[in-house]
Amino acid sequence: MMPDVEETATGEESGWRAPHPRVVVAAAVFSLAVAVPAAIALARFLAGRGAAPDVIVAVAVAAALLVVGAATVYETARRRTTRYRLTDRRLELHSGIWTKEYRAVPRERVRSVDVTADPVRRALGLAVVKVGTGEKHASGGPAEITLDALAVTEAEELRGVLLGGRAERPDDGPLAELRWSWIRYAPLTVWTFVGGGLALGGLYKLLDTLGFEPGKSETVARAWEWLTATPWVTVPLLLAANALLGLVGATALYAESWGRYRLERRPGVLRLRRGLLTTRSLTLEERRLRGVAVTEPLLLRLGGGARVTAVATGLRKAEENETEEVAALTPPLPAREARRIASEVLGEELDPAGLRGHPRAARGRRVRRALAGAAALAAALGMLDAWTEWVPAWAWALPVLAVPAGWALAAEGYRSLGHGLTRRYLVTRSGAVRRRTVALDRSGIIGLTVSESLFQRRAGLVTVSATTAAGEGRYDVLDVGRDEGLRLARHAVPGLLEPFVEESG
């Protein structure tokens, strides 16, 4: 247990601990994802060569056991060469089978502790702990330590020790908890329309890898013949089936990712828990929080929804197998609820209605860009038709439709523009397809840039960019009036731009 670690950590050569022994069992279970398809493919190959059934079964089972055995041996070796310890000053990790690696994170630089457990590790009582600092390692990657895998109780105690026990103190009540009525926002994503096709494509590729050759199937050939014979019937049916499959997938993904969601504030930290099958728990120090962003993608905005993400230092990057942003504080939920949660996190009311609008010249810039895009599309079709004579007649409808669509997006983009200053925050809003309202802590702004392009100069507009060590690192107030932009920059961080403004004046 962690008290033992603390007691033995005072000696430089003591206190080293290994991952839990059940991590070897988890590796064996995970290897089945490779062992089973490999055995099936090998069995089909042998069957095609006329091998006897008993030989096929024996060879396939032997191949599967070989894969599982190799994974077990590797994980055993990895566990035997992996050690970590927590001292009074740092968290240390020794790892590596062939190449030894040593990593250490000073305890005072710990910014976040992320605890996750997929269904396999969860069934075995294990969890993965990722400790982040928000800095860069000498190799160029993030300076973080991943401990795979610890007992759940050990992981939770390690989190509490690294955060000074604050993560274990009683919370002040939840800022938000999941309401299953929010699941109605799950389909309001582009993946609902393309997810079904991607899933079928992945299934086709998997079957082809296993040797089933779906492209040569008589059933597939008949289906393709039926599809091409009556496209006015089959194409709408396929689109509807794709949307239905995407709808089911998006809903299931929402339930798995955000089931049992709870966001709470403990003394000095924000703690988020979520996950129906794979549990995820993120603890973030509030002193590392530099603001929040309320994001409203077009489809979600049309449905009256939004989501909240943190602008903070020390958050790791999302991995390939993760479907949600690491900085996400909420699932898609009603916009009013998103603004309430954002205000609770900030400690100030976030009211987009109180933001200042931007000059009409900003709308003109967006309209001209939309019309230029439609003209470029028409010119591209014209050149393609002149060179190849391939362009069908219906394709010319695309640049025609692009004009009203672009005009509408330009108007929406202009309506989305806004900015403001509160006692603690610089607030900026922009985006037509993906509208985002960002409240950035003024004390965390380390630089301000006022820039103007040639076209902005003619329109009397500038862009004010605030630089911070958190989140994306830079947040823009787009196309604001020149005088208003200079005033905003001067008041956002008093004293930062005065010398340059005086010189220019």
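Worth knowing before you read on, the calculation uses all heavy atoms, side chains too, and leaves out hydrogens, waters and symmetry mates. Residue numbers count from 1 along this sequence. Being a predicted model, the structure only gives us computed values, none of them experimental.
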Do NZ/NE/NH1/NH2 and the carboxylate oxygens of [X] and [Y] come within less than 4.0 Å?
X    : Y    : result
E108 : R287 : no
E472 : R474 : no
R288 : E286 : no
E154 : R17  : yes
R103 : E101 : yes
D114 : R159 : no

Looking at [Y], is its backbone amide N or carbonyl O close enough to the side chain of [X] to form a donor-acceptor pair, meaning the two atoms are under 3.5 Å apart?
X    : Y    : value
R434 : G431 : no
T283 : R271 : no
R265 : V345 : yes
R22  : L124 : yes
R301 : A432 : yes
T81  : R78  : yes
T251 : L247 : yes
R340 : L175 : yes
R274 : R280 : no
T330 : V308 : yes

If I compare all heavy atoms of [X] with all of [Y], which pair ends up nearest, and what's the gap?
X    : Y    : result
Y254 : P331 : OH-CB, 3.4 Å
D88  : R107 : O-CD, 3.7 Å
A60  : A43  : CB-CB, 4.3 Å
L272 : A328 : CD1-O, 3.4 Å
E177 : W182 : O-CH2, 3.3 Å
E256 : T278 : OE2-N, 2.8 Å

>> Quick check on side chain to side chain donor-acceptor pair (under 3.5 Å): which of R121, K130, R79 does D148 satisfy it with?
In response: R121

Can you measure from [atom1] ([X]) to [atom2] ([Y]) and round to the nearest 0.5 angstrom?
X    : Y    : atom1 : atom2 : value
R85  : L91  : CZ    : CG    : 10.5 Å
L282 : L329 : CG    : CG    : 8.0 Å
E75  : T82  : CD    : OG1   : 8.0 Å
Y475 : R290 : OH    : CZ    : 11.5 Å
L93  : Y102 : CG    : OH    : 9.5 Å
L276 : L178 : CG    : CG    : 9.5 Å

Check whether any side-chain heavy atom of [X] lies under 4.5 Å from a side-chain heavy atom of [Y], and answer yes or no.
X    : Y    : value
L46  : V59  : yes
V113 : V110 : yes
V311 : L289 : no
R273 : P174 : no
L162 : L86  : yes
R80  : T76  : yes
P399 : L381 : yes
T189 : L300 : no

> Heavy-atom count around W387 CH2 within 6.0 Å, excluding the residue itself: above 12?
Replying inline: no

> Would V68 and V34 satisfy side-chain contact (heavy atoms from CB on, under 4.5 Å), going step by step from the backbone distance to the final call?
Replying inline: CA-CA 9 Å; V68 174; V34 176; over 6 Å; no

>> I'd like to know whether I341 forms a side-chain contact (heavy atoms from CB on, under 4.5 Å) with L263, so could you lay out the CA-CA distance, the side-chain angles of the two residues, the decisive distance to 0.1 Å, and finally the verdict.
In response: CA-CA 9 Å; I341 294 171; L263 177 65; 3.9 Å; yes

> Step by step, would you call L147 with V128 a side-chain contact (heavy atoms from CB on, under 4.5 Å)?
Replying inline: CA-CA 6 Å; L147 303 178; V128 178; over 6 Å; no

> Checking side-chain contact (heavy atoms from CB on, under 4.5 Å) for the pair Y84/I145: CA distance, chi angles, key distance, verdict?
Replying inline: CA-CA 10 Å; Y84 81 94; I145 285 181; over 6 Å; no

> How about W258 and Y261: are their ring centres within less than 6.0 Å of each other?
Replying inline: yes

